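Remarks on the structure that follows.
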Amino acid sequence: MANIVEPTIFELSSPGRRGVTMPASDVPEASLPPKELLRSELPLPELAEVDVVRHYMKLSKFNYSVDDGFYPLGSCTMKYNPKINEDTCRLPGFLFTHPLQPIETVQGNLALMFEMQEWLKEISGFAGVTLQPAAGAHGEFTGVLMMAAYHKLRSDTKRTKMLIPDAAHGTNPASVGMLGMQVVTIPSDERGNVDLEKLKAACDDTVVGMMLTNPNTLGMFDEHIEEVVKLVKDCGGLMYGDGANLNALLGIVRPGDLGFDVMHFNLHKTFSVPHGGGGPGSGPVGVSQRLVDFLPSPLVGIVEEGDDEMAPLYGFVTPKNSIGRMKAFHGHFGGGLVRSYTYIAMHGPDGLKDIAQYAVLNANYLQARLRGTYHIPYDRICMHEFVMEGQFEGSDVRALDISKRLMDYNFHPPTNYFPLIVHEALMIEPTETENKDTLDRFADALIKIAEEAKTQPELLHNAPSTTQFGRMDEVKAARELVLCCWLPENYEA
Amino acid sequence: MNTPSNLKYAKSDEWFDPATGTVGISDYAQNQLSDIVFVEILVEEGEEVTVGKAIASVESVKASSEIYAPAAGKVSAVNKGLSDKPETLNSDPYGEGWMIKIESGQAGEVMDASEYEKYCEGRSH
Amino acid sequence: MTYIPISSAERDAMLKTVGVKSLDDLFEAVPAKHRFPELNLPPALTEMEAAAHLGELASTNENVREHLISFLGAGAYHHYVPSVVDHMLRRGEFYTAYTPYQPEISQGTLQAIFEYQSLMTNLTGMEVSNASHYDGATAAAEAVNLAYAQYRGKRKKLVLSPAVNPQYREVIRTYTQGMGVDTAGDDAENHDGGPEALIPLIDESTMLVTVQYPDFFGRIYDYTDLIKVAHEKGALVCVVANPTALVMLKTPGEMGADIVVGEAQPFGIPLWYGGPYLGFFTTKKSYVHKMAGRLVGETVDVRGNRSYVLTLTAREQHIKRERATSNICTNQGLLALCASVYMSTLGKQGLQEVANLCYQKAHYAASELSKLDGFGLCHTEPYFHEFVLCCPKPASEVNQYLLDNGILGGYDLGKDYPDMQNHLLVAVTEMNSKDEIDTLVEILKEM
Ligand SMILES: Cc1ncc(COP(=O)(O)O)c(C=O)c1O
């Protein structure tokens, strides 16, 4: 196959080439700082605008994206990202407002944020919401800090343990680790629920709380959710909900009603903020009445009530026992909140319920079509995703091989090797924005691949073969650690 | 699987040489971790360790693991060169890939080579 | 059914395959008494209505392009963004892809991140850059985590300059509240000392010294001596830097810094009322295993093509779980691309022009403003594009007066520093014409 490597932006550089130029200075010239304070060289690329455009166009064509096709990456909710969101978030009134402007000049932004807080509260059944966190993991850290602060204020200092099911995402224990708390892993039972006996045994007065993903990362709604919540609360713990899987619950059930005390939203999953090749996301956090005073500061509030003629004046308020500030400014306003606000506004209560219902229908439909061909270790009605094993009796084909082979059929693979409790896990989340034809083609491809695994396993071991790039040498990358490049003339250095 | 018979083995896959006090990770462990790219020894010479204390942290391309002291005692030597050549753990886990020495170390719960081999076989599904 | 492409006939066929009668039957595991709540939300808008509604909200704001002349910075800066930048960001192939877990079909994102890492290391004079962090403040907080992990909790003292952005200091306090970190220097009443005042605070228990460059008041210091002392005591040094200033100034890498972080919003990212922005995080190779966030490395594929993968992933939360230094997963990927396209499109010379314009205009503004009766520059140190203006009245009053005249004044330093009630932090960029600066001076003259 032809070598298709695109030179790096540094390799494309040619000394003296110009891109966009800036106007000449219109002020009298001031002398520069003393030479000792100036840099001696600026080893950055020099290109023309057309070079830049062609370079990034070329790179874009190396990517597979939701706009290209089906992207059933479990736990990531890769739904279609509506184009209108791209326009609303770029309205000049949003793009060109400075985060430190006086509140009187940004009432549009603040009204949007206030309403967003209210909507998220309503959707999730919580008493308060912060929009500050930058992503899900950041929201988790926010939540865990609030849980710690709650116990601390009550001088309940014995509590150092967080209960986390074995199916949990890595960010859950990592968030707890950042606070130096101890993680106690709770196993799942054979139906994919929290093992109640094990949970009971772990619940005592040293428990900070539990971090539970429900539906969990197997795609299962916990059949004893009320007992789980009760056990944790009875021992004085708080319930954290990982809201990564909220897409399954919109209009179906509100975590706050189930007794959760705190939960992060992933606006970049549930509410269609595009993933951007890794981010930015947005991870607001909702809390029950018990924790509202601990929310990060500031929140958006009404600082002067309105009346029939006058809109209220929105501004910032500080919760009484706030854990403090989680990031600079007010959260991912433009790229996160405006897009999600647009999305929620266009769905309304019924539209939100449709999202959950069809996300769950699509997952169950795929599960039904693949049952029998692939082993599904926790086999019951799933929520928005399900997990199957990517391995077959007597075959050395692995989940990774199946994933790579899917690329040859022009699909993005599911999530591999997560959750950790399923061998050779393939975690499939179709989302509600796929039609039946796509799901059928995907199921057909997986069934064909299962056949290939028996008859021509080398097709899988060598996959992908039709993509622009083949499998990568990850050991070389980690051993040699080439983590950046330089201009060609700087290579001696 | 290479399991020298003069060594003792912990359930968490460390080996301990009762004759010299040397500690490392077993061939089985390095194989499970696969390509090791980072080692950090977490204890210093002169430090007292108890059985089960984390003495090193190891990362491979796909996994990460803590290494625990299989014996108690005073650390008398640390393999300082290891962090520059983590791949030694793959190529020579019982030689160049040693991690620390524990002076007159008191072994915790350890197995002999044949027991350990059986124990490892039981774990591969 | 806004974006759901399934007809009712298809739905019924699918339900049949699943073996249930209705959509509602899929939710029997959900406790009945809480199932299907009525959500009290406004009814759905069509796209046309939503566009109009959002347009209305946006136009309720006064923005710095259409309504206000802005001299406000303090961590977010109004710069020109070349047209190319947004055209590239709008490629669905970039913005609707996930984190590049499958390198064979994600080389676009991976190479773009590798180039971003390279642009940042070359800019800061450091050896390694991660793939991005949430923002400047959280990157500064993660630097503390790095140092804490590096000393395995054996050193707990953080020397934090009071001239680090107050919001960053707040975030550091929030992040470290469970770690038992002992912070010195972070004193809003003693902020004038510069690096000399921090040196005596550094001792053998210090894990990290954090300073800002240029500092929050705009002052440029060479931190070489401070860094030398810190290294003698075994401490690491983190420099929080402004990327536009780095285009002109000596790099923190040259000064010997161990970690250089900051907010890369000035590189092509709109003000956007505060986010999303782009935290950058660069360090030395020896600390890469303790660094938070994703990292892209060069390799080859089976066909011999040079290519890129996420590397050293065993440091991260999905493998290391509670033992990971950081919990970060989703980062600011698309904005790293934004900064890369911005830097590439302006190129070395364009960036130098931007930096120079910022510098020249700020100095013109400072010199004109300080000629006004009762006004003066608060500091004598060199500065880049931001400076502290002492006013004859409380800064809040000055700002209100300016706002009444269509000008977004500087940042009121009295909010964070009790003895600076009459002090404005003024930012000037290439977006401010001489006319605008003259207007500011005229209006203040009349005050
Ligand atoms: C179940 C679960 N929890 C938490 C997270 C972390 O969210 P984020 O990537 O936004 O930090 C994710 C996403 O990757 C997830 O799938």
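What you see is a predicted model; the values in this text were computed from it and never measured. Sequence lines set the chain letters: A, B, ... in the order given, protein chains first and strands last, and positions in each chain run from 1.
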If you count heavy-atom pairs within less than 4.5 Å of chain A, which of [options] leads?
options	value
A137(C), G55(C), S106(C)	S106(C)
N40(C), T99(C), L403(C), T96(C)	T96(C)
P382(C), G136(C), G108(C)	G108(C)
A13(C), S132(C), S129(C), P82(C)	P82(C)
E10(C), E47(C), R35(C)	E47(C)
E115(C), K285(C), M248(C)	E115(C)

Could you state the interatomic distance from [atom1] ([X]) to [atom2] ([Y]), rounded to the nearest 0.5 Å?
X	Y	atom1	atom2	result
W272(C)	R90(A)	CH2	CZ	6.0 Å
E38(C)	D350(A)	CD	CG	8.0 Å
E6(A)	Q107(C)	CD	CD	12.0 Å
Q177(C)	I323(A)	CD	CD1	6.0 Å
C329(C)	H138(A)	SG	NE2	13.5 Å
R303(C)	Q468(A)	CZ	CD	9.5 Å

Side chain, backbone, both or neither: which part of [X] has an atom under 4.5 Å from a heavy atom of chain A?
X	answer
V341(C)	both
V354(C)	both
N356(C)	side chain
M179(C)	side chain
E430(C)	side chain
L408(C)	side chain
V30(C)	both
V20(C)	side chain
L119(C)	both
S367(C)	neither
T121(C)	side chain
F36(C)	both
Y359(C)	side chain
P43(C)	backbone

(message) Would you say N63(A) and T109(C) are linked by a side-chain donor-acceptor pair, where the criterion is simply a distance under 3.5 Å?
(response)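 Present: a donor and an acceptor within the cut-off.
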(message) Under a 3.5 Å threshold, yes or no: a donor from one side chain and an acceptor from the other, between K404(A) and Q102(C)?
(response)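 Judged by distance alone, the side chains do pair up.
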Relative to chain C, which segment of [X] carries a heavy atom at a distance below 4.5 Å: side chain, backbone, both, or neither?
X	answer
M178(A)	both
R471(A)	both
I381(A)	side chain
V53(A)	both
Y365(A)	both
E49(A)	side chain

(message) Give me the atom names and distance for the closest heavy-atom approach of P276(C) to G335(A).
(response)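 Where P276(C) meets G335(A) most closely, the heavy atoms are CD-N, 3.1 Å.
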(message) If I compare all heavy atoms of F469(A) with all of R306(C), which pair ends up nearest, and what's the gap?
(response)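 Taking F469(A) first and R306(C) second, the nearest heavy atoms are CE2-O, 3.8 Å.
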Ignoring hydrogens and angles, tell me if any N or O in the side chain of [X] forms a donor-acceptor pair with the backbone of [Y] under 3.5 Å.
X	Y	answer
Q317(C)	T171(A)	yes
T345(C)	G19(A)	no
D87(A)	A51(C)	no
N327(C)	A174(A)	no
T342(A)	L54(C)	no
D135(C)	A328(A)	yes
E480(A)	G297(C)	no
Q360(C)	A30(A)	yes
N61(C)	G93(A)	yes
N109(A)	T60(C)	no

What orientation do [X] and [Y] show, parallel under 30°, tilted 30 to 60°, or perpendicular over 60°?
X	Y	result
Y56(A)	F94(C)	perpendicular
Y3(C)	H347(A)	tilted
Y341(A)	H53(C)	parallel

Between [options], which shows the greatest number of heavy-atom pairs under 4.5 Å with chain C?
options	result
H55(A), R17(A), R369(A), E36(A)	H55(A)
L37(A), V66(A), L91(A)	L37(A)
K79(A), H268(A), M220(A)	H268(A)
M181(A), H169(A), E474(A)	H169(A)
E140(A), E226(A), Q107(A)	E226(A)
D222(A), L100(A), L258(A), N81(A)	L100(A)

(request) For the pair R325(A) and E170(C), find out whether any cationic side-chain nitrogen is under 4.0 Å from an anionic carboxylate oxygen. (result)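 Salt bridge between R325(A) and E170(C), a charged N being under 4.0 Å from a carboxylate O: yes.
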(message) Quick one, E86(A) and R90(C) - any side-chain contact, counting heavy atoms below 4.5 Å?
(response)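 In short, these two side chains touch, coming nearer than 4.5 Å.
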(request) May I ask you to test the L57(C)-V338(A) pair for a side-chain heavy-atom distance under 4.5 Å? (result)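 A side-chain contact is absent here, since even the closest heavy-atom pair is not under 4.5 Å.
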(message) Using side chain to side chain contact (heavy atoms under 4.5 Å, CB included), reason through V482(A) and F114(C) one step at a time and then give a plain yes or no.
(response) CA-CA 9 Å; V482(A) 178; F114(C) 181 79; 4.2 Å; yes
(request) Check whether the ring centres of H318(C) and F418(A) lie less than 6.0 Å apart, and answer yes or no. (result)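 Centroid separation for H318(C) and F418(A): 6.0 Å or greater.
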